[in-house]
A.B. asks: 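What follows is a structure written as structure tokens; I'll ask about it next.
Keep in mind the model is a prediction, meaning the values are calculated, not measured. Note on naming: letters A, B, ... go to the chains in the order of the sequence lines (proteins, then strands), and numbering restarts at 1 for each one.
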Amino acid sequence: MKRTKIFQLIDADAPLDRVLAKGWVRTRRDSKTFSFIELNDGSCLKNLQVIADESLDNYEEIKKITTGSAVAVTGRHVESKGGGQKWEVQADGIEIIHMAPETYPLQKKRHTDEFLRTIAHLRPRTNKYGAAFRIRAELAYAIHQFFRDRGFKYIHTPILTGSDCEGAGELFRVTAMDLTRVPTVDGKPDFDGDFFGREANLTVSGQLSAEMFALALGDVYTFGPTFRAENSNTRRHAAEFWMVEPEMAFCDLAGNMGLGEDLIRTVVRQIMDNCADDLELFAKFVDKKLMKTLQNTVDSDYVRLPYREAVAILLKSGKKFEFPVEFGKDLQSEHERFLTENHFRKPVILHDYPKTIKPFYMRVNDDNETVAAMDVLVPSIGEIIGGSQREERLDVLEARMAELSMETEPYWWYLDSRRYGSVPHSGFGLGFERLMMLVTGISNIRDVIPFPRTPRNIEF
RNA sequence: UCCCCAGUAGCUCAGUCGGCAGAGCAGGUGGCUGUUAACCACCGUGUCCGUGGUUCGAGUCCGCGCUGGGGAGCCA
């Protein structure tokens, strides 16, 4: 008999007659002449209630089935006599595929997230993490669908990069050299004999590559892993995370902001429509205000706020901040939180930042003081998108690089794009895990990625 | 990297003023019930994170270290 997934047994409109279900036992409750078995196969949040009667030839074994054990159940799919579930399976055969010993660490009770992180290989078997990772899969699909619907092409940009100067953050070095015998020149490692014949690192962003493809295919996006060797110890940072980076030719900052807002709103709506059961768990047990937050994210128009005006609002607020607000300084977390959580109470897109605090590739505005940058801030998480219109004017770009004492030679190919058919273009990076945090209300990034990598943590 | 907090049974935690180490859950045994975080009775469980010190005596006080969490910085 062909296996039926449990979500189909639970969503059924009519009895399905005789079925085969396979999964893991969440709990067992014994009655005098029969047992209730809660079976979960990960296809949905809900468990299938299985009735195992004493007439089963292995009933003595069945009564010993422990939480976490794997079983295959055949039986009749019938309306449940008890409350709490519509359907149940009256078993006529239960095969114990594997009995989990009583050392199985997951119990029928709430565990802390901290404990579950120490058993990250088992935590997807819990209700909460199962729900989170089903949502993660749907969210990734929603992203691809969003871009495909709008004619964007998906580009696979390299994970290994040859430049140590992509801009953002500390890099993870990649080498095939024997680290006990690294050849040196002038006291520095000599990469000439290494795999690529030069220094190599893990990517911190696919942006520069994506720009090249935007200037060929028009609208493109990347969606892949990104690596930062920053010693960040916060609930919002991971050393390995997934980033979505659209890049659009013939697009200015306004169009860029519009796409960011549209993207967040569309994918959140899709999760609300397609993952109602899983979302309900988070609304109930993780963040009581989740549905309100999501509704707000979907319904409200995101504020467009020039950095200059943000500074004015913060100065006028009369609120005492730990760090002073001053034009030319980057806004602190507390300032961003005030704007999005207290002042506007909805997502805020800050734009046109001073060029002194932004990287070389952002387009310099006519005031020659600000650049066409934008950050999308959402309540409680903070920055979820960072992007800009790119500097398409070769002379201005080279001048900016000189200003920042950057060598232009390694960027010869990047600068080529400004020599041949250069056009205004824009893009941004969306932190996929931060989007997950927004959607689920989970407050720690380590709990929305299967096996989190953070400083001093690479188990599993 | 900096600041703050925590570390006690498999898990979640309590432990008073420095005076013999506790509960609930999980597990085991028996009972009861179309049950649903089932229920009732009984049973076992410890490097009190490590290390050095103060003290007649340290889970408790002090120093150092490790691990975890929260906040800050960096950013997605």
A.B. asks: Sorted by first residue and then second, give each salt bridge (Lys or Arg N to Asp or Glu O under 4.0 Å) pair with at least one member in residues 67-87 of chain A; sequence neighbours left out.
C.D. replies: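 Sorted result for residues 67-87 of chain A: empty, none.
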A.B. asks: Paired with B/G63 by Watson-Crick or G-U wobble geometry, both distances under 3.5 Å: which nucleotide is it?
C.D. replies: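 B/G63 is paired, partner B/U51.
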A.B. asks: Is A/E433 paired with A/R136 through a side-chain N to carboxylate O contact shorter than 4.0 Å?
C.D. replies: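 Result for this pair is yes, salt bridge flagged.
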A.B. asks: Rounded to the Å, how far apart are A/D375 CG and B/A76 P?
C.D. replies: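 Computing the A/D375:CG to B/A76:P distance gives 7 Å.
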A.B. asks: Looking at A/A12, is its backbone amide N or carbonyl O close enough to the side chain of A/W87 to form a donor-acceptor pair, meaning the two atoms are under 3.5 Å apart?
C.D. replies: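 A pair under 3.5 Å: yes.
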A.B. asks: Hey, can you pull the residues of residues 27-40 of chain A with a non-hydrogen atom under 4.0 angstrom from RNA chain B?
C.D. replies: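 Within residues 27-40 of chain A, the residues near RNA chain B are A/T27, A/R29, A/D30, A/S31, A/K32, A/F34, A/F36, A/E38.
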A.B. asks: Without decimals, in angstroms, what is the distance between A/K284 NZ and B/A37 P?
C.D. replies: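 A/K284 atom NZ is separated from B/A37 atom P by 10 Å.
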A.B. asks: Measure from CD on A/Q85 to P on B/A37 and round the result to the nearest Å.
C.D. replies: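 A/Q85 atom CD is separated from B/A37 atom P by 10 Å.
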A.B. asks: Is there side-chain contact between A/E341 and A/R345, with heavy atoms separated by less than 4.5 Å?
C.D. replies: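 Of all side-chain heavy-atom pairs linking A/R345 with A/E341, none is under 4.5 Å.
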A.B. asks: Between B/A72 and B/G63, how many Å separate the two C1' atoms, rounded to a whole number?
C.D. replies: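 Between the two C1' atoms, the distance is 27 Å.
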A.B. asks: Taking only the C1' atom of each, what is the distance from B/C3 to B/C48 in whole angstrom?
C.D. replies: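 Their C1' atoms lie roughly 28 Å apart.
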A.B. asks: Between A/Y221 and A/Y154, does the ring centroid distance fall short of 6.0 Å?
C.D. replies: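 Here the rings of A/Y154 and A/Y221 have centres that are less than 6.0 Å from each other.
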A.B. asks: Tell me which of A/G82 and A/T112 sits closer to the 5' end of RNA chain B, going by the nucleotide each one is nearest to.
C.D. replies: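 Looking at RNA chain B, the more 5' nearest nucleotide goes with A/T112.
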A.B. asks: Expressed as a whole number of Å, how far does the C1' atom of B/U8 sit from that of B/A21?
C.D. replies: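 Straight-line distance between the two C1' atoms is 9 Å.
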A.B. asks: Would you mind classifying the nucleic acid contact of A/Q90 as base, sugar-phosphate or nothing, using non-hydrogen atoms under 4.0 angstrom?
C.D. replies: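 Base: the residue A/Q90, judged by heavy atoms under 4.0 Å, touches a nucleobase.
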A.B. asks: Once each nucleotide of nucleotides 68-73 of chain B is scored for protein heavy atoms under 4.0 Å, what B/S/- sequence comes out, 5' to 3'?
C.D. replies: SSSBBB
A.B. asks: What residues in residues 43-57 of chain A put a non-hydrogen atom under 4.0 Å from any atom of RNA chain B?
C.D. replies: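 Contacts with RNA chain B under 4.0 Å: A/Q49, A/I51.
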A.B. asks: Please determine, for B/C32, whether a Watson-Crick or G-U wobble partner exists with both distances under 3.5 Å, and give it or none.
C.D. replies: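 Its partner is none (no Watson-Crick or G-U wobble pair with both distances under 3.5 Å).
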A.B. asks: Would you mind listing every salt bridge (Lys or Arg N to Asp or Glu O under 4.0 Å) that reaches into residues 31-51 of chain A, with sequence neighbours excluded?
C.D. replies: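 Applying salt bridge (Lys or Arg N to Asp or Glu O under 4.0 Å) to every pair that reaches into residues 31-51 of chain A, excluding sequence neighbours, yields A/R3-A/D41, A/R29-A/E38, A/K46-A/D277.
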A.B. asks: May I have the distance from A/E459 (atom CD) to B/U67 (atom P), rounded to whole angstrom?
C.D. replies: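 Interatomic distance, CD of A/E459 to P of B/U67: 14 Å.
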A.B. asks: NE2 of A/H335 versus P of B/C74: gap in Å, rounded?
C.D. replies: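 The distance from NE2 of A/H335 to P of B/C74 comes to 12 Å, rounded to the nearest Å.
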A.B. asks: Given the ring of A/F115, does A/R117 sit roughly above its face, with NZ or CZ under 6.0 Å from the centre of the six-membered ring and within 45° of the axis?
C.D. replies: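 Negative - A/R117 is either too far from the ring of A/F115 or too far off its axis.
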A.B. asks: Rounding to the closest angstrom, what is the interatomic distance between B/G27 and B/U33 at atom C1'?
C.D. replies: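 To the nearest whole Å, 22 Å.
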A.B. asks: Distance between the P atoms of B/C49 and B/U12, in whole angstroms?
C.D. replies: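 The same atom, P, in both gives a distance of 14 Å.
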A.B. asks: Would you call the rings of A/H343 and A/F338 parallel, tilted or perpendicular if under 30° counts as parallel and over 60° as perpendicular?
C.D. replies: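 Tilted: the ring planes of A/H343 and A/F338 meet at 30° to 60°.
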A.B. asks: When rounded to the nearest 0.5 angstrom, what distance separates CG in A/L397 from OH in A/Y411?
C.D. replies: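 If I round to the nearest 0.5 Å, the distance is 10.0 Å.
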A.B. asks: Using a heavy-atom cut-off of under 4.0 Å over every strand shown, decide if A/E433 touches base, sugar-phosphate, or nothing.
C.D. replies: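 The answer is nothing, as A/E433 stays clear of every strand by at least 4.0 Å.
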A.B. asks: Reckon A/L106 touches a base, only the sugar-phosphate, or nothing at all at heavy-atom distances under 4.0 Å?
C.D. replies: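 The answer is nothing, as A/L106 stays clear of every strand by at least 4.0 Å.
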A.B. asks: Contact class for A/E88 (heavy atom, under 4.0 Å): base, sugar-phosphate, or nothing?
C.D. replies: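 Base: the residue A/E88, judged by heavy atoms under 4.0 Å, touches a nucleobase.
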A.B. asks: Report the base-pairing partner of B/G44 (Watson-Crick or G-U wobble, both distances below 3.5 angstrom), or none.
C.D. replies: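 Here B/G44 is not engaged in any pair, so there is no nucleotide opposite it.
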A.B. asks: Return a single string for nucleotides 23-28 of chain B, one symbol per nucleotide in 5' to 3' order, where B is base contact, S is sugar-phosphate-only contact and - is none, cutoff 4.0 angstrom on heavy atoms.
C.D. replies: -BBSS-
A.B. asks: Pair A/T440, A/V448 - check side-chain contact (heavy atoms from CB on, under 4.5 Å), show working.
C.D. replies: CA-CA 9 Å; A/T440 59; A/V448 296; 4.2 Å; yes
A.B. asks: A/R110 has an atom CZ; how far is it from atom C1' of B/C11, in whole Å?
C.D. replies: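 So the two atoms are 12 Å apart, to the nearest Å.
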A.B. asks: Can you confirm whether A/T126 sits close enough to A/L116 that some side-chain heavy atom of one is under 4.5 Å from a side-chain heavy atom of the other?
C.D. replies: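 Yes, at least one pair of side-chain atoms sits under 4.5 Å.
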A.B. asks: Are A/R265 and A/Y302 in a cation-pi contact, defined as NZ or CZ under 6.0 Å from the six-membered ring centre and within 45° of the axis?
C.D. replies: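 Yes, A/R265 sits over the ring of A/Y302.
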A.B. asks: Looking across every strand, which nucleic acid part, if any, lies under 4.0 Å from A/F241 by heavy atom: base, sugar-phosphate, or nothing?
C.D. replies: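 It contacts base atoms.
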A.B. asks: Which value, in whole Å, describes the distance between the C1' atoms of nucleotides B/C32 and B/A38?
C.D. replies: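 Pairwise C1' distance, B/C32 against B/A38, rounds to 11 Å.
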A.B. asks: Expressed in angstrom and rounded to an integer, what is the separation of A/D330 atom CG from B/A76 atom P?
C.D. replies: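 Computing the A/D330:CG to B/A76:P distance gives 11 Å.
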A.B. asks: Which value, in whole Å, describes the distance between the P atoms of nucleotides B/G68 and B/C56?
C.D. replies: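 That atom pair is separated by 38 Å.
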A.B. asks: Compute the ring centroids of A/Y307 and A/F327, then answer whether they are less than 6.0 Å apart.
C.D. replies: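 Aromatic pair counts; centres sit under 6.0 Å.
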A.B. asks: Could you measure between the two P atoms, the one in B/G7 and the one in B/G15, and give it in whole Å?
C.D. replies: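 Those two atoms are separated by 10 Å.
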A.B. asks: For B/C2, give its Watson-Crick or G-U wobble partner with both distances under 3.5 Å, or none.
C.D. replies: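 Check on B/C2: paired to B/G71, both distances under 3.5 Å.
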A.B. asks: Just how far, in rounded Å, is P of B/C11 from CG of A/L122?
C.D. replies: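 In whole Å, B/C11 P lies 14 Å from A/L122 CG.
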A.B. asks: Is the shortest side-chain heavy-atom distance between A/R400 and A/K355 below 4.5 Å?
C.D. replies: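 Touching, per the 4.5 Å side-chain cut-off.
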A.B. asks: Do you know which two heavy atoms are closest between A/M248 and A/N256, and how far apart they sit?
C.D. replies: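 Answer, listing the atom of A/M248 first, then A/N256: CE-OD1, 3.5 Å.
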A.B. asks: Looking across every strand, which nucleic acid part, if any, lies under 4.0 Å from A/L430 by heavy atom: base, sugar-phosphate, or nothing?
C.D. replies: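 Touches nothing.
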A.B. asks: Is it the case that the side chain of A/R26 and the backbone of A/L48 share a donor-acceptor pair, with hydrogens and angles ignored and the cut-off at 3.5 Å?
C.D. replies: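 No: the side chain of A/R26 does not pair with the backbone of A/L48.
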